[in-house]
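Inspection log for the structure reproduced underneath, given as structure tokens.
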Amino acid sequence: MDFETAYKALNTEQKKAVDLIDGPLLVLAGPGTGKTQLLSARVANILKLTDTPANTILCLTFTENGALNMRERLAGFIGKDAYSVQIYTYHAFGSEIIKRYPEYFTNIRLQSPIDELGKRQIIQNLLEKLPFSNPLKGGLYYIGDVIATISELKRALLSPEDIHLIATQNLHLIQTLDDPFKKIFGSYTTMPRKVVQATVYFEEVASQLLKHQNTSTLAQVALVSLQEALQQANTGNKTSSLTIWKNKWLIKNSENVFQLAGKYASERLAATAELLK
């Protein structure tokens, strides 16, 4: 895709960001909203409208895939000059600075970033030292997932204190909703076949989540997905979307008590926070 085509596909706010080629600019957007495309287009626009050398532009991203993706998109916009733009992950850029100017880093050991095997060995050693009562002890069987979770938390710039706070808030929300959910479902054991009967339960669940959406991200996410499931059920006159939501968000134990499935994830999250300290 060339620059002109990509530029026309941007919305009004994105075009404003691309057109601002001088001075600082902050763009806040969630995953999958086109940040890489916007940044690549802005770099292309700077090179197009100014005499800035390509090798004086620095782009930083969190992952190797992100850096490769940015390079490929930029190459589609400006051709071979894309390979002169400095595009690094944060770790790679730090390593490059140390290699270029070793005289300023004489007090540290010049080492390469840890590889995947090294990561697994470190996490495995930490998990093996945990008591069996720790929720992360089972992480020995899914070390890759533990590493991936830690990477996601690092990308979100969350400190161990932040993570522990989020987990604590989630667990408090689940405990708060436990009794209302018991009353809502009562002796409910199977999904009613008729949409009208099924939505009676889940509209009440939505009302309980609504009370907490301003104080809990977990409640917000659960509420949005439930509202989508209710809309699909009413539109298609089928309960399958509500069954999918129930299986994802609610756990049924032997006493027929329902709880948000995030409880166990939150317990592991709190344990991860301790592991990162």
| Same cluster for V200 and W245 if Ile/Leu/Val/Met/Phe/Trp/Tyr side chains link at under 4.5 Å? | no

| task | Check whether any side-chain heavy atom of Q227 sits under 4.5 Å from a side-chain heavy atom of Q231, and report yes or no. | result | no

| task | Answer yes or no: are there more than 12 heavy-atom neighbours, outside H212 itself, under 6.0 Å from its atom NE2? | result | yes

| field | N45 side-chain N/O to R42 backbone N/O, donor-acceptor pair under 3.5 Å | value | no

| Taking every non-hydrogen atom, the tightest pair across A167 and S266 | CB-O, 3.4 Å

| Donor on one side chain, acceptor on other, Q232 and E228, under 3.5 Å | no

| field | Under 3.5 Å: donor-acceptor pair, side chain of R71, backbone of A82 | value | yes

| Under 3.5 Å donor-acceptor, T239 side chain and L242 backbone | no

| message | Between D179 and K183, is the salt bridge (Lys or Arg N to Asp or Glu O under 4.0 Å) condition met? List the steps. | response | CA-CA 6 Å; D179 286 339; K183 293 178 182 178; over 6 Å; no

| task | Please lay out, stage by stage, how Y7 and L10 fare under the test side-chain contact (heavy atoms from CB on, under 4.5 Å). | result | CA-CA 5 Å; Y7 182 82; L10 300 176; 4.2 Å; yes

| Taking the side chain as C-beta and beyond, is there a heavy-atom pair between L117 and Q121 under 4.5 Å? | yes

| For the side-chain contact (heavy atoms from CB on, under 4.5 Å) test, which of V205, V221, L210 pairs with L226? | V205

| said: If you compare all heavy atoms of F3 against all heavy atoms of A41, which two are closest, and at what distance to 0.1 Å? | reply: CE1-O, 3.3 Å

| task | Take R100 and I97, measure what side-chain contact (heavy atoms from CB on, under 4.5 Å) needs, and give me the verdict at the end. | result | CA-CA 5 Å; R100 288 187 185 183; I97 290 176; 5.9 Å; no

| query | Does anything in residues 129-154 pair up under salt bridge (charged side-chain N to carboxylate O under 4.0 Å, His left out), and if so which pairs, sequence neighbours excluded? | reply | E152-R155

| query | When you look at CD of E161, are more than 12 heavy atoms from neighbouring residues, nucleotides or ligands closer to it than 6.0 Å? | reply | yes

| query | For the residue pair F93 and Y88, does the interplanar ring angle fall in the parallel (under 30°), tilted (30 to 60°) or perpendicular (over 60°) class? | reply | tilted

| task | Sort and list the pairs that fulfil salt bridge (charged side-chain N to carboxylate O under 4.0 Å, His left out) and have at least one residue in residues 14-33, not counting sequence neighbours. | result | E13-K16

| request: Answer yes when R120 and E116 have at least one side-chain N-carboxylate O distance shorter than 4.0 Å, and no when they do not. | output: no

Do any side-chain atoms of residues 50-60 form donor-acceptor pairs under 3.5 angstrom with protein atoms, and if so which ones, sequence neighbours left out?
from: T50; atom 1: OG1; to: I46; atom 2: O; distance (Å): 2.6
from: T50; atom 1: OG1; to: T52; atom 2: N; distance (Å): 3.3
from: T50; atom 1: OG1; to: T52; atom 2: OG1; distance (Å): 2.8
from: T56; atom 1: OG1; to: P53; atom 2: O; distance (Å): 2.7

| query | Should the ring pair F62 and Y90 be called parallel, tilted or perpendicular, given that the plane angle runs from 0 to 90° and is split at 30 and 60? | reply | tilted

| message | Assess the residue pair L68 and E64 against the criterion (side-chain contact (heavy atoms from CB on, under 4.5 Å)); give the C-alpha distance rounded to whole Å, side-chain angles, the decisive distance to 0.1 Å, and a yes or no. | response | CA-CA 6 Å; L68 179 61; E64 293 288 351; over 6 Å; no

| With distance as the sole test, does Q86 use its side chain to make a donor-acceptor pair with the main-chain N or O of S84 at under 3.5 Å? | yes

| note | Which of T168, N170, I163 passes side-chain contact (heavy atoms from CB on, under 4.5 Å) with I166? Answer is N170

| said: Less than 4.0 angstrom from a charged side-chain N to a carboxylate O is my criterion; do D115 and K119 meet it? | reply: no

| Closest non-hydrogen atom pair, A67 against T61 | N-CG2, 3.3 Å

